[in-house]
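Worksheet for the structure shown next.
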Amino acid sequence: MPRIVIDVERCKGCGLCTQVCPKGDLVQMSDEFNSKGYRPSKFVDPEKKCIGCAFCANMCPDVAITVYR
Amino acid sequence: MPRIVIDVERCKGCGLCTQVCPKGDLVQMSDEFNSKGYRPSKFVDPEKKCIGCAFCANMCPDVAITVYR
Amino acid sequence: MSEAKEEKIVFQRPKALCDVVTHYCPGCLHGVVHRVIAEVIDDLGIQEITVGIAPVGCSVLAYNYIATDFAEAAHGRALAMATGMKRVHPELVVFTYQGDGDLAAIGTNELIHAATRGENITTIFINNAIYGMTGGQMAPTTLPGQVTTSTPTGRDTKLAGFPIRVCELVSTLEGSAYIVRRSAYNPSEIRKLKAAIKTAFQVQMAGLGYSLVEVVSNCPTNWGMTPLESLKWLQENMLAYYPLGDYKVKDSVKELMAKK
Amino acid sequence: MSEAKEEKIVFQRPKALCDVVTHYCPGCLHGVVHRVIAEVIDDLGIQEITVGIAPVGCSVLAYNYIATDFAEAAHGRALAMATGMKRVHPELVVFTYQGDGDLAAIGTNELIHAATRGENITTIFINNAIYGMTGGQMAPTTLPGQVTTSTPTGRDTKLAGFPIRVCELVSTLEGSAYIVRRSAYNPSEIRKLKAAIKTAFQVQMAGLGYSLVEVVSNCPTNWGMTPLESLKWLQENMLAYYPLGDYKVKDSVKELMAKK
Amino acid sequence: MAKVLMKGNEAIAEAAIRAGCEAYFGYPITPQTEVLEYMSARMPALGRAFVQAESELGAVNMLYGAACTGARAMTTTSSPGFSLMQEGLSYIACSEVPAVVVNIMRGGPGLGNIQPAQGDYFQMTKGGGHGDYSPIVLAPSTVQETVDLVILAFDLADKYRQPVYVIADGMIGQMMEPVELPELKPPQRPERPWALTGAKGRPRNIITSLQLDPPTLEKVNLRLQETYKRIRENEQRHEEYMTDDADLLVVAYGTAARIVKTAIAKARRDGLKAGLFRPITVNPYPYDTLRKAAEKAKRLLVVELSAGQMLEDVRLAVMDKRPIHFFGKMGGVVPMPEDVVDAMKKALAEA
Amino acid sequence: MAKVLMKGNEAIAEAAIRAGCEAYFGYPITPQTEVLEYMSARMPALGRAFVQAESELGAVNMLYGAACTGARAMTTTSSPGFSLMQEGLSYIACSEVPAVVVNIMRGGPGLGNIQPAQGDYFQMTKGGGHGDYSPIVLAPSTVQETVDLVILAFDLADKYRQPVYVIADGMIGQMMEPVELPELKPPQRPERPWALTGAKGRPRNIITSLQLDPPTLEKVNLRLQETYKRIRENEQRHEEYMTDDADLLVVAYGTAARIVKTAIAKARRDGLKAGLFRPITVNPYPYDTLRKAAEKAKRLLVVELSAGQMLEDVRLAVMDKRPIHFFGKMGGVVPMPEDVVDAMKKALAEA
Amino acid sequence: MHEEVIISGFGGQGALFAGQLLTYAGLYEGRQVSWIPSYGPEMRGGTAHCTVILSDEPIGSPIVRNPTIAIVLNPASMDKYEPLVARGGILVVNTSLVRRPAQRSDITVVRVPANDLAYELGNVRMANVVLLGALLATKPIVSPDSVKRAMEEEIPAHRKHIIEPNKRALERGMQYVAEGR
Amino acid sequence: MHEEVIISGFGGQGALFAGQLLTYAGLYEGRQVSWIPSYGPEMRGGTAHCTVILSDEPIGSPIVRNPTIAIVLNPASMDKYEPLVARGGILVVNTSLVRRPAQRSDITVVRVPANDLAYELGNVRMANVVLLGALLATKPIVSPDSVKRAMEEEIPAHRKHIIEPNKRALERGMQYVAEGR
Ligand SMILES: Cc1ncc(C[n+]2csc(CCOP(=O)(O)OP(=O)(O)O)c2C)c(N)n1
Ligand SMILES: Cc1ncc(C[n+]2csc(CCOP(=O)(O)OP(=O)(O)O)c2C)c(N)n1
Ligand code: SF4
Ligand code: SF4
Ligand code: SF4
Ligand code: SF4
Ligand code: SF4
Ligand code: SF4
Ligand SMILES: [Mg+2]
Ligand SMILES: [Mg+2]
């Protein structure tokens, strides 16, 4: 089952990963802060729609996303 | 009667003026040296062929030629 | 369980990218370009023969992120430094990483002459239309009308002149072999960017001359936008002035690409 | 007697050219270009509002010959100096007179940026494919294969790179308005040169942007030729690499020319 | 005029404007950039010249060009940028045109960092460019004094037709203090018969630093040396603070001197009689006054944000008449007053 | 090896080649250009790197790049070009990479002229670029010594990982004298674990002069100062000539020292007991030996082709223990030995 | 009087602005004043702080090692400045973000949930001014009116709308200290 | 021995080359030697000169004000150097170009129509060597054989053909002095 893992401590909350998912809004901004004071993004895929295309990861300037398939 | 006057002390003997006369070889190199050690050019126009076109003067890097018409 | 066993990592940090947090602002594409360069270095297996040269600009600390030998140049002089290195060590892959201020303002002379000499060097040129590092002054690539801290009423071309188009300029020089403009505002552009950087390195390794990949980039911080707004602004404003595409691909490069 | 009375001088030293002997070598076209500039200054009646800037190069003493206010710039920096002057005194006609080493080697950055800023300045650019002043080293415009004192076996483009074509380069910049290449190897080319310099000054006076007139020139001394041989070599070798012509004439300039 | 609170960098810019600066050329570099930014807004609005140059080389040569026309003109930069200006400054000095240059120094050498430092002292006061020239160097230590010295710089540049440097660092550039500024007036052009403004109604002018003939260049040099002599005789400035009864004479300029002042107050509370000699012109250096001040003290302590550069000038002034101690910090490390007090105590302990 | 007659400039080039110089970068400028021209023929033939740079800025940064790879590398220039190299040299010093720079000085300031002069003394020994660094400066006074010192320069640059300058002028650059050169060998690369050569089989190397954190930059500076201390302790060089019985100690370096030598011979014929102290390293300056030499004499005369720059170092060495006179020429005017004799007589007459 | 105040927080928390208000207030009251920020790119995403000195004597060093007062807006600032406050000095803590208690007992510690109070007033960005109010209620090194005057005179025309809310924030901080809530 | 020789003429007359021959000859004979030219762009079309010193002592200044010997190839050089030759010194004059007589009586003046003699030998450009020969016949500061050896060893391979003519020119100059024609 394709999935992504977001390293929330690496994430700077820029949101670039949230706009490129071909499956809609699998990557969303969270409301929590990380220890650096950023709001990281989160992976929300209850329906297992992720295809592991890595668009989100490719877009991340901080290489905070790992993609598994 | 068109004619040119060459300032032999200004002339550096480069010869550029000698190749552009539409009337042939009205401007020639002389065999004498000027005080700077250059062989200046000279105006040789026994047949009064000069048309005062100023090609020779235009070509002179040292503005050593005056043209009368 | 059987499924978990087969799970493979399909995207992760490249080997040639140091496992550290960068100092870049959130959403700054410097980070993406760094990663893409590292991926290319991994793909080509050249980590041990590559030397990078960092500029003065926001990417001054690039040497902390890309895991090859690295030097930090004086502002604008990366290509002179690269020339010195490459001439002594033609076997190395030498690349410079430079911003618009570094490459196209103070470093224009070094750019033009490295290119015309056909140095076998690759430049990754980050065009974000601003001086990021020093806090948002006009860059040579700042767009007409764009507000910066040194063009507070917008760049007035009457007083501050016109933006420089680096690819167009460098393409006129015979020593340049592969001069292209890319961007990184979406995954497909990033893919093209990666291909271009790979080609540029290959051009260098084949000794075909100077290669430059311009990246139309962003600076959310000094543009005064959110990262997402900045990508929108990039597409709507920068691309018109800086059209993406191939500006010079020497025949020898085309042959090389056909072979690979 | 009646004839003598009617005799008129149809060619003589222009007013704006000092009545002194130049230090130039015999047959060096620097002298011709100086005279042509002086003629244009006379024709336009601008001797009292013109400021020239001499380069470092054989024409470093141009200020001794052209009879306007004059400054001598640091090597390559004439256009920066000109910018400083012109910005304070837009009413002046400011021109720089520069060799290939001065303009296209050490001064390339100042050239590119004055041009892209669209400074209302005129550059007369003497391309003689060599460093005359310092005794004949390779210039950025030295032709491939050309022997100089620093390319003793001929310019090897592999090591020393390719010649720079200034007009082609500068034309890519939006701030440049009138960029043309001329020569001075015969009277008809000299006539065209004069027309170009006049237009360039008029472009400046109309505030249309940066103007540059390249003159494909000679250096008999360092080419190791007689003056006449040098003109032949110029035509047979330089013109192929540096084709004469108009490289950029902005529409606004065309309109101006149509009016005059 | 009422006092306003201003950042040092902005005060430099506004002071220049009030001094009638007609042309500004600059290139961004921390910690100087606010001068450029401030000028980018104000100068065009006032109809004066502003150019963000393509580099410091561009800036200094634009400055040279503007100065040749007789305009009051300025550039500002920070250490690496100042290094790039050396050739141009040597030309300006030789050509005898007035120009003002501000160097907001930072930690060096190389790219270093952007914190306060004084490592460019030799470069500003002795070396820098090639050839024998010796610019006036003014070293303010408060924002108000920065304003005053920037204005003075323009006047001195005019008076002696030489480049005048104002030397400060990120501390003074970035801090806000109350300042009083003179009124804004349109720039006045004094008579400048030598300026390049088009040869209308006068013989043409030529400005050049080239003199192929050695005796002629010697003459230029002798004239320059004459100017420097006049400057030495007339323009030395310094401040003394609590020197009357001081056993320990601390010598420091600029930012270091501010810190020393606080240190002296602290030290005196501990019964340590210290005073400050603060050169305001670090070139011409106030050798004679320093020698005299030193004679009143038992020993000296030189405090610098550098490795011991002004120290040489102090030694040239004092010779070996008094023991001279040194306390310096480099690399953008700014000592706290307490550190200076420690250095003072150590200096006296070594007695 | 037999002696050959060589021009100083060509000797510099050939000496560098013999010293194993692997990379040369230069830009034409009189009176240095023959070095570049010579290198343009020899280096490619030897398979070594030669680039005629687009400018001195290009040249010095190419030098920096080559030096970062651990290559023995050199650039040569003359005064205005040297000014343009200041930023780069400050970077090289801070980065601790070895590099050799030759400055064949000419008359200044500005464009000046191309005749012999020593007006860059401060720039070479003290100032120049920004920040606290202090390059080794070697000042030959014959062509043979130029050869020897160029070779030494490469060794010292390697040893201390700092830029080393060789300082001469058109006189030494243009004159021919017999020289002996070491044999031509292929360049040897000593171990340079810090060099950028691709991170094969070792952790990667980074060469940078940026240290945003002040304490870290301070550490770099302290290391530099430590290096300069070692250099001061180990590398001072000077020559004494007829100083044993000298009443008048003349201090001069380079070209000026040659002229002084002839002058001393002449003066001694007139019964005037003069001797020469010639610093060979003008940085580190041989303060202590000069002080000792000065103590033997009654008074000193400093002779320079500049306005009195080394004079400051002489004063720092001798303090006011002895009267110090000065004789200087500027602008490319080279004094004749007779002129120096006159100055000697004047100095003694003032006694 | 002689006070050395350090105000420190994340970039964006307004430490520099609060310091400027204080500086202007001191100026109006005829004090010698200085204000100096941290600067440079390392600020990016990191901590920003400024040092304000108010004094009856001319001010020497504008930076100090041991301030008489510190206002800390975030945990990093707390860690950095708590140990440095001069004995007998004051530490004003934004407890909305700084959860841990202070460790010093030789200084006065003023604890204010500034983010929360500011949020209640409509804009969390005014936490800086809330803390300034809290300081002035603890030790009136300048009068609150001078701070309000500074708001009126120094906030640029196009941001006039933030003046009144900021005044309320100042008062809220004072009130919180005075009334303990 | 200690001789200071200035050789001066138009650019192109070979003053520098003649000086080099002399310098090499001195070197072969175990002397201390130095050679220094005038240099720079002002030479262009103007005068070129060099100073050669041959000595038994180490050479200090390579330039001198009052040479012991001057060889002048053209009128300008005559005007410049005649007054400077040290008392008792030698002035060798190219009378093909320098028509005026010398005015000094405290020096030895050697007059040689060098251009004409060189022309007769087939190349006017060898006037320099003719004059050098004339000097050596007057005062053998080096042996003619050493000068010939210098020609053989120092003239580059591609110009070997000029060696023999130059040797003849040297001899012609010597002969002219010896025989007065
Ligand atoms: C000689 C010199 N001049 C100026 C600077 C200051 N400076 C640092 S980075 C920079 C510009 C950076 O802009 P850019 O190259 O566009 O890179 P970005 O930060 O936008 O990525 C400048 C002017 C410097 N360090 N050195
Ligand atoms: C900074 C600096 N570098 C180098 C020089 C030496 N220099 C003088 S003229 C010149 C080049 C001249 O060539 P060009 O511009 O082509 O003019 P030309 O003499 O051919 O007319 C050089 C390199 C200098 N004066 N200043
Ligand atoms: S891998 Fe692709 S499908 Fe999965 S979350 Fe990322 S963008 Fe969406
Ligand atoms: S792109 Fe990366 S840094 Fe940005 S929000 Fe997504 S995971 Fe976080
Ligand atoms: S004016 Fe014309 S026709 Fe007369 S000589 Fe000159 S070129 Fe010939
Ligand atoms: S072109 Fe002029 S300088 Fe040349 S030969 Fe003719 S007249 Fe003389
Ligand atoms: S300032 Fe701009 S370019 Fe620099 S890191 Fe931040 S967003 Fe990127
Ligand atoms: S050297 Fe060449 S360019 Fe210079 S004056 Fe002589 S011919 Fe002209
Ligand atoms: Mg940028
Ligand atoms: Mg040229």
Side-chain angles (χ1 to χ4, degrees), chain E residues 57 79-80 82-84 86-87 90-95 105 107-115 117 119-120 122-133 208-222 224-225 306-307 309 312 315-316 319-320 329-334, chain F residues 57 79-80 82-84 86-87 90-95 105 107-115 117 119-120 122-133 208-222 224-225 306-307 309 312 315-316 319-320 329-334:
Chain E
L57 257 78
S79 308
F82 187 69
S83 287
L84 288 172
Q86 295 313 314
E87 188 205 25
S90 174
Y91 272 72
I92 288 174
C94 190
S95 304
M105 295 181 284
L111 190 50
N113 64 28
I114 56 177
Q115 301 307 319
D120 307 353
F122 276 146
Q123 187 191 27
M124 310 258 337
T125 61
K126 318 242 170 193
H130 59 285
D132 288 288
Y133 68 99
T208 181
S209 68
L210 174 77
Q211 299 297 350
L212 284 172
D213 174 47
T216 312
L217 185 57
E218 186 182 37
K219 235 174 267 161
V220 173
N221 269 286
L222 291 171
L224 288 179
Q225 293 301 322
S306 46
Q309 300 193 16
E312 284 200 4
R315 292 181 58 217
L316 284 169
M319 293 279 138
D320 41 16
K329 284 282 172 189
M330 293 171 290
V333 174
V334 181
Chain F
L57 258 79
S79 307
F82 188 70
S83 286
L84 288 172
Q86 295 313 315
E87 188 205 27
S90 174
Y91 272 73
I92 288 174
C94 190
S95 305
M105 296 182 284
L111 189 50
N113 64 28
I114 56 177
Q115 301 307 319
D120 307 353
F122 276 146
Q123 187 191 26
M124 309 260 335
T125 61
K126 319 243 170 193
H130 59 286
D132 288 289
Y133 67 99
T208 181
S209 68
L210 174 76
Q211 300 298 349
L212 284 171
D213 173 48
T216 312
L217 185 57
E218 186 183 37
K219 236 173 266 160
V220 172
N221 269 287
L222 291 171
L224 289 179
Q225 293 301 322
S306 47
Q309 300 193 15
E312 284 200 5
R315 293 181 58 216
L316 284 169
M319 294 279 139
D320 42 16
K329 284 283 171 189
M330 293 172 289
V333 174
V334 180

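Protein chains get the first letters and strands the later ones, always in sequence-line order, with residue 1 at the start of each. This is a predicted model, so every value here is computed, not measured.
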Euclidean distance, [Y] [atom2] relative to [X] [atom1], rounded to 0.5 Å:
X	Y	atom1	atom2	answer
Leu212(E)	Leu111(F)	CG	CG	7.5 Å
Ser83(E)	Tyr91(F)	OG	OH	9.0 Å
Gln211(F)	Gln115(E)	CD	CD	13.0 Å
Leu57(F)	Leu84(E)	CG	CG	6.0 Å
Asn221(E)	Lys329(F)	CG	NZ	11.5 Å

Which pair of non-hydrogen atoms, one from [X] and one from [Y], has the smallest distance, and what is that distance?
X	Y	value
Leu222(F)	Met330(E)	CD2-CE, 3.7 Å
Lys126(E)	Glu312(F)	NZ-OE1, 2.8 Å
Gly128(F)	Gln123(E)	O-NE2, 2.8 Å
Arg315(F)	Leu316(E)	NH2-O, 3.6 Å

Report which part of [X] has an atom under 4.5 Å of a heavy atom belonging to chain F: side chain, backbone, both, or neither.
X	value
Gln309(E)	side chain
Ala307(E)	both
Ile92(E)	neither

> So which of Pro109(F), Ser209(F), Ser79(F) has the biggest tally of heavy-atom pairs under 4.5 Å with chain E?
Replying inline: Pro109(F)
> Out of Pro80(F), Gly129(F), Gly332(F), which one racks up the most heavy-atom pairs below 4.5 Å with chain E?
Replying inline: Pro80(F)
> Between the side chain of Asp120(E) and the main-chain N/O of Gly127(F), is any donor-acceptor distance below 3.5 Å?
Replying inline: no
